[in-house]
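Report on the structure given below.
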Amino acid sequence: MDVVTTASPSAPAPDAAALHDSAFLRACRREPVEHTPVWFMRQAGRSLPEYRKVREGISMLDSCARPDLVAEITMQPVRRYGVDAAIFYSDIVVPLKAIGVDLDIVPGVGPVVAEPFASRADLDRLPELTAADVPYVSDAVRLLVAELGATPLIGFAGAPYTLASYLVEGGPSKNHERTKALMYGDPELWHALAGRLAAIAGAFLRVQVEAGASAVQLFDSWVGALPLADYRELVQPHSAAVLDAVADLGVPRIHFGVGTGELLGAMGEAGADVVGVDFRVALDEASRRVGPQRAVQGNLDPALLFAPAPVLERRVRATVEAGRRAPGHVFNLGHGVPPNADPAVLSRVVELVQGAG
Ligand SMILES: Cc1c2[nH]c(c1CCC(=O)O)Cc1[nH]c(c(CCC(=O)O)c1C)Cc1[nH]c(c(CCC(=O)O)c1C)Cc1[nH]c(c(C)c1CCC(=O)O)C2
């Protein structure tokens, strides 16, 4: 590990040992922890006034290509909340943009693709991704690892199904009709598309880990739209390929989706060390579905951030308690921090989780 230190080269870098022993990485490895580690999906972003300030006049995608801004935005929630892990500030569509797909992230909407994927010829628009396509990602990760010290950095990528849903629909969609029509109607083309996206996502994860990220999360946010049998046949092999792309690097791999109660076991089998759980399945039950050889991450309903303080507190404590019965537990929300969440409430959640006696 490249940790800059003034000590002699033979002395172990103090940060490297503390990082390896951090509550987050220990929980991912299902080792005992002194406190349940906590971080939040979308902990960086519009809920933070300091984020809105640095983003003024800069588009989302432009900000993702500036290592100084990426590092600053990634650090903001770490400084403010003292969370147990940082999540790299970027977006699931950044690698697609980097290989030349014409897309934008429209505020309040999400990723919008100029020419949606429709036929075999469109595969040519999805070449492989190399580290040279995303130099700003490696640079930002290196800046962050130096600044974070013993706090782990989580790298991430979008999984093939979720990425395909944006590419095929051309933007966010409720029911993914075009994506499913392609998947069910032309499975051969679907597998070719998902295979390309798996290679891109796997390469994107590798770039982040090779630059120093300590863990990765594969976001298959929208895969809960599929029944188990179709998931196994049409999606799982491709998500497994993404996770396998970093298997030799020895970092914990988290696999998350929304509405995936029926898929939790299969998502674990795709090669995850930790399975992310949304708020629809109780954490104990989720852990049972995931099995004893994997940790779980989750799963407080983000809506509870708007509930009266005693209600929130009770739910946070119950989630920590349920997590203690799992082989390993990383506290998180069941999905991302809502843009209108009150940062003071998130601070209180961190305090409760880390201090829960
Ligand atoms: C589906 C998905 C996307 N992007 C992502 C997912 C998977 C996670 C999930 O399920 O929520 C992943 C993502 N996007 C972003 C992060 C980084 C940091 C973090 O989690 O703190 C991560 C991990 C930043 C972002 N990505 C986006 C923002 C907001 C843009 C802004 O602030 O202008 C941020 C901070 C934009 C984005 N990008 C996407 C959406 C749906 C949106 C929201 C659109 C909106 O409401 O404006 C696609």
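Remember, it's 1-based here, ligands and their atoms both numbered in the order they're listed.
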Discussion item. Check this for me: E285, atom CD, are more than 12 non-hydrogen atoms of other residues, nucleotides or ligands nearer than 6.0 Å?
Written reply: yes

Worksheet item: Of all the non-hydrogen atoms in the protein, which one sits nearest to atom 38 (N) of ligand 1, and at what distance?
Response: D91 OD1, 2.7 Å

Worksheet item: So which heavy atom in the protein is nearest atom 40 (C) of ligand 1, and how far is it from that ligand atom?
Response: R42 NH2, 3.6 Å

Worksheet item: Looking only at heavy atoms, is any part of R46 under 4.0 Å from ligand 1, and if so is it the side chain, the backbone, or both, or is it neither?
Response: side chain

Worksheet item: So which of F40, F88, W222, W39 gets nearest to atom 17 (C) of ligand 1, if we judge by its closest heavy atom?
Response: F88

Item to complete: If the plane angle is over 60° it's perpendicular, under 30° parallel, otherwise tilted; pick one for H238 and H191.
Response: tilted

Discussion item. Give the atom numbers and elements of ligand 1 that come within less than 4.0 Å of a heavy atom of F219.
Written reply: 7 (C), 8 (C), 23 (C)

Fill in: Heavy-atom side-chain proximity of S214 to F24 below 4.5 angstrom
no

Practice prompt. Using distance alone, decide if ligand 1 has a nitrogen or oxygen within less than 3.5 Å of any nitrogen or oxygen in Y166.
Written response: no

Discussion item. Over 60° means perpendicular and under 30° means parallel, so tell me whether F256 and H335 are parallel, tilted or perpendicular.
Written reply: tilted

Worksheet item: What is the nearest protein non-hydrogen atom to atom 32 (O) of ligand 1, stated with its residue, atom name and distance?
Response: Y51 OH, 2.7 Å

Worksheet item: Contact between G336 and ligand 1, counting heavy atoms under 4.0 Å?
Response: no

Worksheet item: Which residue supplies the protein heavy atom nearest to atom 36 (C) of ligand 1, what is that atom called, and how far is it?
Response: I105 CG2, 3.5 Å

Worksheet item: N/O of I87 under 3.5 Å from N/O of ligand 1, yes or no?
Response: no

Item to complete: Starting from atom 16 (C) of ligand 1, find the nearest protein heavy-atom neighbour and note its residue, name and distance.
Response: S90 O, 3.4 Å

Item to complete: Report yes or no: does a heavy atom of R55 sit under 4.0 Å from some atom of ligand 1?
Response: yes

Fill in: Note: R232-E269 ion pair, threshold 4.0 Å (strictly below)
yes

Fill in: Region of V109 engaging ligand 1 - heavy atom pairs below 4.0 Å
backbone

Practice prompt. Hydrophobic side-chain clustering at under 4.5 Å (ILVMFWY, transitive links): who's grouped with V109? Put none if nobody.
Written response: V106, V112

Item to complete: Check each atom of ligand 1 against the heavy atoms of G108 and keep those under 4.0 Å away; list them by number with element.
Response: 45 (C), 46 (O), 47 (O)

Worksheet item: Do any heavy atoms of H335 fall under 4.0 Å from ligand 1?
Response: yes

